[in-house]
Number of protein chains: 2
Amino acid sequence: MNVNLKQLAEMLGLSQTTVSRALNGYPEVNAETRQRVLSAVRETGYRPNRAAQRLATGRAGSIGLVMPIAQGIDSDVHFGEFLAGLGEESVRHDFHFVINPSAPEDEEATFKRLAASGNVDALFLAYVRANDPRIAMLKSLSIPFVVHGRAIEQPADYPFLDIDNTAAFYDAARLLIQLGHRRIALINGPANLTFSIRRKKGMQRALEENGLPFDESLSQHSLMTDEYGHRAMQQFLERDEPPTAVLCSSTVIALGAVRAINKVGLQLGTDISLIAHDDVLPMLKPENFSVPLTTTRSSLRAAGSRIAARLISRIMKTGDYPDQELWRAELIVRASTGPAPKS
Amino acid sequence: MNVNLKQLAEMLGLSQTTVSRALNGYPEVNAETRQRVLSAVRETGYRPNRAAQRLATGRAGSIGLVMPIAQGIDSDVHFGEFLAGLGEESVRHDFHFVINPSAPEDEEATFKRLAASGNVDALFLAYVRANDPRIAMLKSLSIPFVVHGRAIEQPADYPFLDIDNTAAFYDAARLLIQLGHRRIALINGPANLTFSIRRKKGMQRALEENGLPFDESLSQHSLMTDEYGHRAMQQFLERDEPPTAVLCSSTVIALGAVRAINKVGLQLGTDISLIAHDDVLPMLKPENFSVPLTTTRSSLRAAGSRIAARLISRIMKTGDYPDQELWRAELIVRASTGPAPKS
DNA sequence: TAGCAAACTCAAAGCGCTTTGAATTTCGAG
DNA sequence: CTCGAAATTCAAAGCGCTTTGAGTTTGCTA
């Protein structure tokens with residue numbers, strides 16, 4: 001039998017007001033009284049009824065999530081990992097989710113409906129596209145939100161958390177160039193997503209700075225799956241002058257790429273170098289590859305957790321996090337990169 | 001500005017009671033009145049405040065989900081797909097989730113805490129293990145739940161949704177036997193999960209019935225990843241007498257297995273046959289493999305959706321679904337199976 | 001020792017819905 | 001017509017919490 005506020009207050013010989021205030025950290029409550037309340041809570045196992053809190057405060061205590069279900073989106077692996085982070089943090093604050101699986105064409109409507117329903121007090125957007133209309137829409141919605149990623153060619157005047165994709169792939173490409181590679185291929189994520197665009201730009205910049213051309217035919221966009229990675233790499237390897245190095249936008253893509261490399265009998269790290277972006281998926285660790293992969297690393301789960309923290313802090317008006325964060329990915333060198341082979 | 005019940009009732013010149021009843025389908029309300037209410041709802045865009053509903057009814061309107069985060073669990077791909085189904089159905093009834101990422105050793109505690117918190121009114125359990133103590137625990141918790149899968153060697157006296165894994169792999173193995181295969185390998189999921197155990201049993205039964213031995217050394221358990229699939233298949237192919245056919249517990253495993261097969265230059269469907277279980281993952285379709293895969297098919301997303309429907313119906317005490325369901329997987333023959341090669 | 005601000009505590013009014021128990025209408029039978 | 005049952009509708013009491021506005025104490029100052 002769970003106690004409620006009223007009973008707790010009676011037990012303590014206090015009013016509900018005081019107990020409530022003691023629990024919610026209001027200053028106008030005697031330190032000693034607060035201690036009494038706190039220990040009573042511990043004894044009785046009192047847990048405030050969330051529905052009542054929500055009703056009283058007008059806060060829904062939940063975050064709206066639009067889960068992409070399109071085939072073209074790498075919803076599965078990466079989304080799951082991100083969600084774990086989000087969930088981890090949310091549960092700590094007793095926040096709920098409203099998960100809306102939605103096809104891309106319905107997403108805007110889904111967001112609107114969610115916001116209008118009053119059943120969530122924050123929204124979250126991911127898989128940002130080049131000039132994403134959803135961001136403007138979210139801004140107009142007068143409900144807190146955080147974007148995972150950020151748009152291109154739009155003022156970044158909204159809350160976001162992104163990794164510096166440009167820098168990550170700039171660093172990766174530069175390493176390869178320093179190792180003597182001249183023909184570097186890119187197996188990227190979907191062409192319309194901003195992280196793909198930025199990664200390509202980072203690579204281009206590194207090439208330019210070193211007076212090297214960027215060969216469009218050595219750049220492919222694909223879904224973030226093993227299969228597409230394999231296919232893309234295969235095509236690259238069939239060329240007259242195959243690349244001596246390749247950048248992959250995900251370890252999942254790298255999985256397929258490595259497979260294609262092995263198939264033609266090339267030795268990874270010797271005959272051909274590979275750097276992949278590592279989202280730190282527990283199921284696919286770069287160090288577990290038969291030749292451990294050099295990667296640009298940034299944990300997707302950490303990002304999820306951080307976004308939840310920011311969203312919740314915004315809702316509860318507690319603490320303050322920066323409104324915009326750009327995380328730097330670490331470049332971690334393992335065995336899949338080596339000097340360009342003498343040609 | 002959203003209207004609330006009170007305002008709506010005033011507009012209609014009715015009491016809140018009547019409007020509420022009209023909306024919730026109570027019989028004692030005049031058909032004509034109900035129509036008036038309904039059209040007023042449409043005009044005003046009235047949406048009941050869920051927090052108030054929850055408080056008044058005592059129902060939390062949300063489902064507790066323990067999300068496995070262990071490395072050993074195929075949380076990612078399969079869980080994501082399942083979740084999409086769950087979300088799809090839940091959102092239709094305006095139900096929330098409480099997602100608790102949790103390591104296996106903490107799962108029981110997590111469930112207990114969830115149930116005790118009163119913030120969820122149903123729980124959901126997946127990744128059932130052989131003699132799973134969590135089921136008994138759930139039964140003791142006096143909160144509705146549905147198990148995805150079912151235990152072994154325990155009375156199945158609890159609500160579950162499972163697929164007939166035994167039958168699926170029995171069917172698959174029998175097909176291979178009919179095609180003349182004698183050495184059939186199995187690349188299964190984790191050894192402690194019930195679906196793995198049943199699939200193995202199904203295969204064993206098919207062999208027995210045809211007077212064939214089951215070769216333990218041709219059976220492997222692994223994580224449901226490409227990598228492990230590849231490794232397992234590779235080992236099988238290195239044997240003196242490699243198998244002429246293989247069953248895979250997931251298309252993800254099959255991905256790796258096919259890779260290993262290609263690597264040694266064998267032709268799938270001719271030199272060696274393969275049947276995989278297909279959870280209908282949008283990112284990995286058996287028909288997209290270079291040699292389309294014969295599969296036992298059962299949609300994970302459909303299962304998620306169904307479980308949500310059952311859970312919600314139980315909570316709302318509407319409609320009635322069977323308490324226990326055993327879905328039959330379909331055996332779909334494609335090009336990856338063929339007659340056993342003459343030896 | 002009075003007087004007042006500061007420090008605490010409290011009663012009561014919602015938050016928006018469901019639901020109980022009673023009141024009012026409507027209607028067919030007598 | 002009249003009356004009781006059936007059909008509708010209603011007022012009001014919660015659900016458990018937060019928060020406003022108003023006490024009550026306490027601690028100093030003068």
Side-chain angles (χ1 to χ4, degrees), chain A residues 1-38 40-41 44-62 93-94 116-119 121 315-318, chain B residues 1-38 40-41 44-62 93-94 116-119 121 315-318:
Chain A
M1 205 56 233
N2 284 340
V3 283
N4 60 22
L5 226 212
K6 193 172 174 183
Q7 297 166 337
L8 192 67
E10 261 167 26
M11 292 173 54
L12 286 160
L14 289 170
S15 72
Q16 295 190 38
T17 312
T18 304
V19 177
S20 170
R21 292 214 161 123
L23 290 175
N24 294 314
Y26 281 66
E28 63 268 62
V29 79
N30 191 317
E32 192 195 336
T33 310
R34 179 168 320 215
Q35 284 315 314
R36 276 182 58 217
V37 171
L38 255 34
V41 165
T44 57
Y46 167 76
R47 307 257 281 135
N49 176 315
R50 288 292 280 165
Q53 279 186 321
R54 294 189 227 282
L55 181 57
T57 59
R59 281 188 236 107
S62 66
H93 302 275
D94 209 349
S117 78
N119 289 326
D121 29 36
I315 296 168
M316 306 301 285
K317 304 196 199 306
T318 70
Chain B
M1 203 59 235
N2 284 338
V3 282
N4 59 24
L5 224 213
K6 192 172 174 186
Q7 297 166 337
L8 192 67
E10 261 167 27
M11 291 172 54
L12 286 160
L14 289 169
S15 72
Q16 295 189 38
T17 311
T18 305
V19 177
S20 171
R21 291 216 161 121
L23 290 175
N24 294 314
Y26 281 65
E28 62 268 63
V29 83
N30 192 317
E32 192 194 336
T33 309
R34 174 160 316 181
Q35 283 316 312
R36 277 181 58 216
V37 171
L38 256 31
V41 165
T44 57
Y46 167 77
R47 309 258 278 132
N49 176 316
R50 287 294 277 167
Q53 279 185 322
R54 294 188 225 282
L55 181 58
T57 58
R59 282 188 234 109
S62 66
H93 302 275
D94 208 351
S117 79
N119 289 325
D121 29 35
I315 295 168
M316 306 299 287
K317 306 196 197 309
T318 68

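Throughout, a chain's letter reflects where its sequence line sits, starting with A, and its residues are numbered from 1. Keep in mind it's a predicted model, so treat the numbers as computed, not measured.
Taking the side chain to side chain contact (heavy atoms under 4.5 Å, CB included) definition, one finds that Ala56(A) meets it with nothing, sequence neighbours left out. A search for side chain to side chain contact (heavy atoms under 4.5 Å, CB included) contacts involving Glu28(A) returns Arg21(A), Tyr26(A), not counting sequence neighbours. Every salt bridge (Lys or Arg N to Asp or Glu O under 4.0 Å) that Arg50(B) has, sequence neighbours left out, goes to Asp94(B).
Remark: side-chain polar atoms of Arg54(A) are paired, donor with acceptor, to backbone N or O of Ala60(A) under 3.5 angstrom. Of the possible donor and acceptor atoms, none in the side chain of Gln35(B) sits under 3.5 Å from a partner among the backbone N and O of Glu32(B).
Considering only heavy atoms from C-beta on, Arg59(A) comes within 4.5 Å of Met316(A) through its side chain. A 4.5 Å side-chain heavy-atom check between Asn4(A) and Asn49(A) finds every atom pair outside the cut-off.
With DNA chain D read from its 5' end, the first of the two nearest nucleotides for Pro27(B) and Ala52(B) is the one closest to Pro27(B).
Taking a 4.0 Å limit (strictly below) on heavy-atom distances, residues 4-12 of chain B reaches DNA chain C at Asn4(B), Leu5(B).
As a whole-Å value, the separation of Arg36(A) CZ from dC8(C) C1' is 13 Å. Here the P atom of nucleotide dC17(D) and the CG atom of Asp94(A) are 13 Å apart, to the nearest Å. Atom NZ of Lys317(B) and atom C1' of dT18(C) are 15 Å apart (whole Å). Taking atom CG of Leu55(A) as the reference point, atom P of dC15(C) lies 9 Å away to the nearest angstrom. In this structure, Gln53(A) atom CD and dG16(C) atom P are separated by 17 Å, rounded to whole Å. Per the geometry, CZ belonging to Arg50(A) stands 16 Å off C1' belonging to dC15(D), to the nearest Å. Atom-to-atom, CZ of Arg54(B) to P of dC17(C) comes out at 13 Å; the value is rounded to the nearest Å. Rounded to an integer number of Å, the gap from Arg47(B) CZ to dC17(C) P is 12 Å.
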Under 3.5 Å, N/O pairs linking protein and nucleotides 9-13 of chain D:
| from | atom 1 | to | atom 2 | distance (Å) |
| --- | --- | --- | --- | --- |
| dT9(D) | OP1 | Thr33(B) | OG1 | 2.8 |
| dT9(D) | OP2 | Asn30(B) | N | 3.1 |
| dT9(D) | OP2 | Thr33(B) | OG1 | 3.4 |
| dC10(D) | OP2 | Ser15(B) | N | 2.8 |
| dC10(D) | OP2 | Ser15(B) | OG | 3.3 |
| dC10(D) | OP2 | Thr18(B) | OG1 | 3.0 |
| dC10(D) | N4 | Arg21(B) | NH1 | 3.0 |
| dA11(D) | N7 | Thr17(B) | OG1 | 3.3 |
| dA11(D) | N6 | Thr17(B) | OG1 | 2.4 |
| dA12(D) | N6 | Thr17(B) | OG1 | 3.4 |

Report all side-chain donor-acceptor pairs from residues 9-20 of chain A shorter than 3.5 Å, counting only partners two or more places apart or in another chain.
| from | atom 1 | to | atom 2 | distance (Å) |
| --- | --- | --- | --- | --- |
| Ser15(A) | OG | Thr17(A) | N | 3.4 |
| Ser15(A) | OG | Thr18(A) | N | 3.2 |
| Ser15(A) | OG | Thr18(A) | OG1 | 3.2 |
| Ser20(A) | OG | Asn24(A) | ND2 | 3.4 |

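Between the CZ atom of Arg34(B) and the CG atom of Asn30(B) there is a distance of 9.0 Å, given to the nearest 0.5 Å.
Considering only side-chain N and O atoms, Ser20(B) lies under 4.0 angstrom from the phosphate OP1 or OP2 of dT18(C). Distances shorter than 4.0 Å separate some side-chain N or O of Tyr46(B) from OP1 or OP2 on dC17(C).
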